[in-house]
Colleague: 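Take this structure first; my questions come after.
Both counts, for ligands and for their atoms, begin at 1 and track the order of listing.
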Amino acid sequence: MAFKHAIALTGGIASGKSTACNLLRLYGLRIIDADAVARDLLQREADAVGELFGPEYVSGGTVDRKALARLIFSDKEARERLEALLHPKIREEIERLSEAQDRLGGPYIVDIPLFYETGAYPIEKVIVVYAPREVQKRRLIEREGLTEEEAEARLNAQIDIEEKRRRADYLIDNSGNLKQLQRECERVFDEITGNGPFN
Ligand code: ADP
């Protein structure tokens, strides 16, 4: 069975999942990155994306990810159609990668931004990387150069971060600065492995 030694890592958009994963990777944890899997699959499905949404979303065989993101965050039905195309394929690939990790033993992390939204992964232990909604919004605007309204639309497309926080088995609080995030990652690493990162 897949996901035997897996721990899911999730959170909200721009709550700091990628930054936390980079730190946890430095401590030696193995990470399966669902976003990277999704990006690969999106490009492999470029023809299907062109057929679903129009040729203007594909140029030279490559999906225009920014244009597609603008579309799906302003059009719920388009988002659902894209998810119906990609999620089963992403799920299948992540399961295959997790079986390889299970053979090596555990624990390992599966970074799944929409873990709670998809409900598709039978992983029992979950790390939530948390930042309050206002902090998420500010970091999202800074990272992507979005307007306030665009950032709101992306936040509204997800389960609220406070709800995810309540469901967490392990919480990485990323409300503060990067030094504080590092401490939070160390603490959770210790909880997961029963070791200090520098032992
Ligand atoms: P996610 O992967 O959850 O979408 P990221 O890890 O990309 O989020 O973080 C969102 C943005 O906020 C990035 O530009 C990142 O560099 C920045 N960031 C993350 N954590 C902090 C922090 N503690 N202080 C300041 N900036 C941060």
Colleague: Any side-chain donor-acceptor pair under 3.5 Å between E162 and Y130?
Modeller: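 Present: a donor and an acceptor within the cut-off.
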Colleague: For G176, take its heavy atoms, then give the atoms of ligand 1 lying under 4.0 Å from any of them.
Modeller: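 Contacts of ligand 1 toward G176, numbered from 1: 22 (C), 23 (N), 24 (N).
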Colleague: Kindly identify the option in K17, R139, E142 whose heavy atom sits closest to atom 11 (C) of ligand 1.
Modeller: R139
Colleague: Starting from atom 20 (N) of ligand 1, which protein heavy atom do you reach first, and at what distance in Å?
Modeller: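 So the nearest neighbour among protein heavy atoms is N174 ND2, 3.0 Å.
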Colleague: For atom 2 (O) of ligand 1, grab the closest protein heavy atom and report residue, atom and distance to one decimal in Å.
Modeller: S18 OG, 2.6 Å
Colleague: Using a plain distance cutoff, I'd like to know if L181 has any nitrogen or oxygen under 3.5 Å from a nitrogen or oxygen of ligand 1.
Modeller: no
Colleague: Assess whether salt bridge (charged side-chain N to carboxylate O under 4.0 Å, His left out) is satisfied between E80 and K76, documenting all intermediate values.
Modeller: CA-CA 6 Å; E80 285 167 359; K76 184 159 181 272; 3.2 Å; yes
Colleague: Between R143 and ligand 1, find which residue part has any heavy-atom pair under 4.0 Å and reply side chain, backbone, both or neither.
Modeller: side chain
Colleague: Do the side chains of R79 and L82 get nearer than 4.5 Å, heavy atoms only?
Modeller: no
Colleague: Within a distance under 4.0 Å of any heavy atom of G12, pick out the atoms of ligand 1 and give their elements.
Modeller: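 Answer, ordered by atom number: 3 (O).
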Colleague: Indicate yes or no for a side-chain donor-acceptor contact from D102 to the backbone of K4 under 3.5 Å, with no hydrogens or angles considered.
Modeller: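 It does hold such a pair.
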Colleague: Quick check: do V110 and Y121 have side-chain heavy atoms less than 4.5 Å from each other?
Modeller: no
Colleague: Mind checking whether A14 has a heavy atom under 4.0 Å from ligand 1?
Modeller: yes
Colleague: Flag the pair L9 / L24 as yes when at least one side-chain heavy-atom distance between them is below 4.5 Å, and no otherwise.
Modeller: yes
Colleague: Hey, is ligand 1 close enough to I13 that some N/O pair sits below 3.5 Å?
Modeller: no
Colleague: Any atoms of ligand 1 less than 4.0 Å from a non-hydrogen atom of T19? List them with their elements.
Modeller: 5 (P), 6 (O), 9 (O), 15 (C), 19 (C)
Colleague: Does a side-chain heavy-atom distance below 4.5 Å link R70 with D64?
Modeller: no
Colleague: Quick one: does any side-chain atom of D111 pair with a main-chain N or O of A34 as donor and acceptor, under 3.5 Å?
Modeller: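 No: the side chain of D111 does not pair with the backbone of A34.
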Colleague: Below 4.0 angstrom from a heavy atom of L178, which ligand 1 atoms are there? Numbered from 1 as shown, please.
Modeller: 20 (N), 21 (C), 22 (C), 23 (N), 24 (N)
Colleague: Where the side chain of S15 meets the backbone of Q136, is there a donor-acceptor pair that is under 3.5 Å apart?
Modeller: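 Looks like no, no N/O pair under 3.5 Å.
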Colleague: How far is atom 8 (O) of ligand 1 from the closest protein heavy atom, and which atom is that?
Modeller: G16 N, 3.2 Å
Colleague: Please work out whether any backbone atom (N, CA, C, O) or any side-chain heavy atom from C-beta onward of N177 is under 4.0 Å from ligand 1, and answer side chain, backbone, both or neither.
Modeller: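 The answer is the backbone.
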